[in-house]
Amino acid sequence: MVEDEEGLAESLRRGLSADGHWVDLAHDGHRGLALARTGSYDAVLLDLMLPGLSGYEICARLRADDDPTPVLMLTAKDGEYDEAEGLDSGADDYLTKPFSFVVLGARLRALARRAAATADPHPTLQAGDLVLEPAGRRCRRGTHDIELTARELGVLACLMEQPGRAVSKQDILDQVWDTPHAIDPNIVEVYVSSLRKKIDAPFGRRSILTVHGTGYRMAPDGG
Ligand code: CA
């Protein structure tokens, strides 16, 4: 939430926290933009008139960075907010003060639903020059296309979703196999071995690292 009226900001923060939201506050435009740019928020509540940078400017800069975080603009009085300018800057919705807290909660839920509905369920995954497009079932290392089986692709996607993070064999099994309870997690080793022969060995690389006692992790730089 970027709001320079500190009393209002604090009361909104308390209300949203009580609803189970985690809220960070900024009281000026520059701090607000810096926080929003961390990309770690489900939504940004933006006051329009702020010291430093206006709500329009913050929103426009986020959109210029291709940041898709939903933005709800909070405006001081009817007429201050120019809907056309707000939409041009990339805002998703706006509320005119004074607004009811119940309406704010409902608007936030609506924004979250829309964001979830438009999110790409199969984003392109990347680790260095290793690229996986799960939707198109395509994998490539640099400019070289690599043929993967459906199962290999599933295992690799598990590892590439969070490069650098250790993923257990059981987690891979749960995500990639339909009946994971009936299968020995060590089957994952077979697929990791065949993946290494396709995505690493021919290129002299090591991208899938063994985490002893746990499973595997993807080198964030692609090995
Ligand atoms: Ca203000």
Side-chain angles (χ1 to χ4, degrees), residues 1-125 158 160-168 171 174-175 217 220:
M1 184 187 316
V2 193
E3 169 60 77
D4 59 324
E5 289 172 53
E6 299 193 15
L8 173 65
E10 184 53 35
S11 80
L12 289 176
R13 190 195 63 75
R14 272 200 303 273
L16 290 167
S17 299
D19 277 357
H21 298 286
W22 186 277
V23 183
D24 287 329
L25 282 182
H27 299 308
D28 71 82
H30 290 288
R31 171 82 180 136
L33 179 62
L35 275 179
R37 275 189 166 150
T38 64
S40 47
Y41 299 99
D42 296 321
V44 180
L45 293 184
L46 258 188
D47 184 29
L48 185 55
M49 303 304 283
L50 291 162
L53 287 174
S54 76
Y56 292 136
E57 289 172 280
I58 293 173
C59 190
R61 291 192 195 191
L62 287 175
R63 296 303 184 244
D65 292 346
D66 286 330
D67 186 324
T69 310
V71 170
L72 177 56
M73 209 77 92
L74 307 176
T75 73
K77 58 181 188 298
D78 208 8
E80 178 194 64
Y81 182 77
D82 182 324
E83 195 169 350
E85 192 171 354
L87 292 172
D88 281 347
S89 75
D92 297 274
D93 200 358
Y94 71 100
L95 265 181
T96 304
K97 300 176 194 170
F99 48 79
S100 96
F101 187 77
V102 174
V103 171
L104 173 63
R107 294 284 184 91
L108 277 176
R109 285 192 295 279
L111 282 185
R113 277 196 303 274
R114 263 183 273 158
T118 55
D120 184 350
H122 299 291
T124 297
L125 303 171
C158 279
M160 289 183 74
E161 273 161 9
Q162 284 177 282
R165 188 179 68 97
V167 185
S168 73
D171 283 349
D174 290 346
Q175 279 197 52
R217 69 185 176 87

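As a basis for the values below, the full set of heavy atoms in this structure was taken, side chains included, without hydrogen atoms, waters or symmetry mates. The chain is numbered in sequence order, starting from 1. Note that the structure is predicted; figures quoted are calculated from it, not measured.
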Practice task
Might you work through the side chain to side chain contact (heavy atoms under 4.5 Å, CB included) test for Leu35 and Val44, ending with a clear yes or no?
Solution key: CA-CA 10 Å; Leu35 275 179; Val44 180; over 6 Å; no
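Distance check, rounded to the nearest 0.5 Å: CG of Asp174 to SG of Cys158 gives 9.0 Å. Atom-to-atom distance recorded for His27:NE2 and Met1:CE is 9.5 Å, nearest 0.5 angstrom. Rounding to the nearest 0.5 angstrom, the gap separating the CG atom in Leu45 from the CE atom in Met73 is 11.0 Å. A distance of 6.5 Å separates CG in Leu33 from CZ in Arg61, rounded to the nearest 0.5 Å. A distance of 8.0 Å separates CG of Asp24 from OG1 of Thr38, quoted to the nearest 0.5 Å. Atom CG of Leu74 and atom CG of Asp93 lie 10.0 Å apart (nearest 0.5 Å).
More than 12 heavy atoms of other residues, nucleotides or ligands shown are found within 6.0 angstrom of CG on Asp19. A 6.0 Å sphere centred on CZ of Arg13 holds more than 12 heavy atoms belonging to other residues, nucleotides or ligands.
Looking at Arg37 and Asp65, a side-chain N of the basic residue comes within less than 4.0 Å of a carboxylate O on the acidic one, giving a salt bridge.
The nearest pair of heavy atoms linking Asp92 to Pro70 is OD2-CA, 3.2 Å. Closest non-hydrogen pair, Gly32 versus Val2, comes out as CA-CG2, 3.7 Å. Nearest approach of Arg63 to Pro68, heavy atoms of both residues: NH1-C, 3.8 Å. Between Cys59 and Ala91, the shortest heavy-atom distance links the atoms SG-N, 3.4 Å. Of all heavy-atom pairs spanning Tyr94 and Arg107, the tightest one is O-NH1, 2.8 Å. Among all heavy-atom pairs drawn from Thr75 and Leu48, the shortest one is CG2-CD2, 4.3 Å.
For the pair Leu50 and Ile58, the minimum side-chain heavy-atom distance is below 4.5 Å. The side-chain heavy atoms of Phe99 and Leu12, taken from C-beta on, include a pair separated by under 4.5 Å. In this structure, the side chains of Leu108 and Leu16 come closer than 4.5 Å at one or more pairs of heavy atoms. Under the 4.5 Å side-chain criterion, counting only non-hydrogen atoms from C-beta, Lys97 is in contact with Leu8. At a threshold of 4.5 Å between non-hydrogen side-chain atoms, the residues Leu62 and Thr69 do not count as touching. Between Glu3 and Leu25 the shortest side-chain heavy-atom distance does not fall below 4.5 Å.
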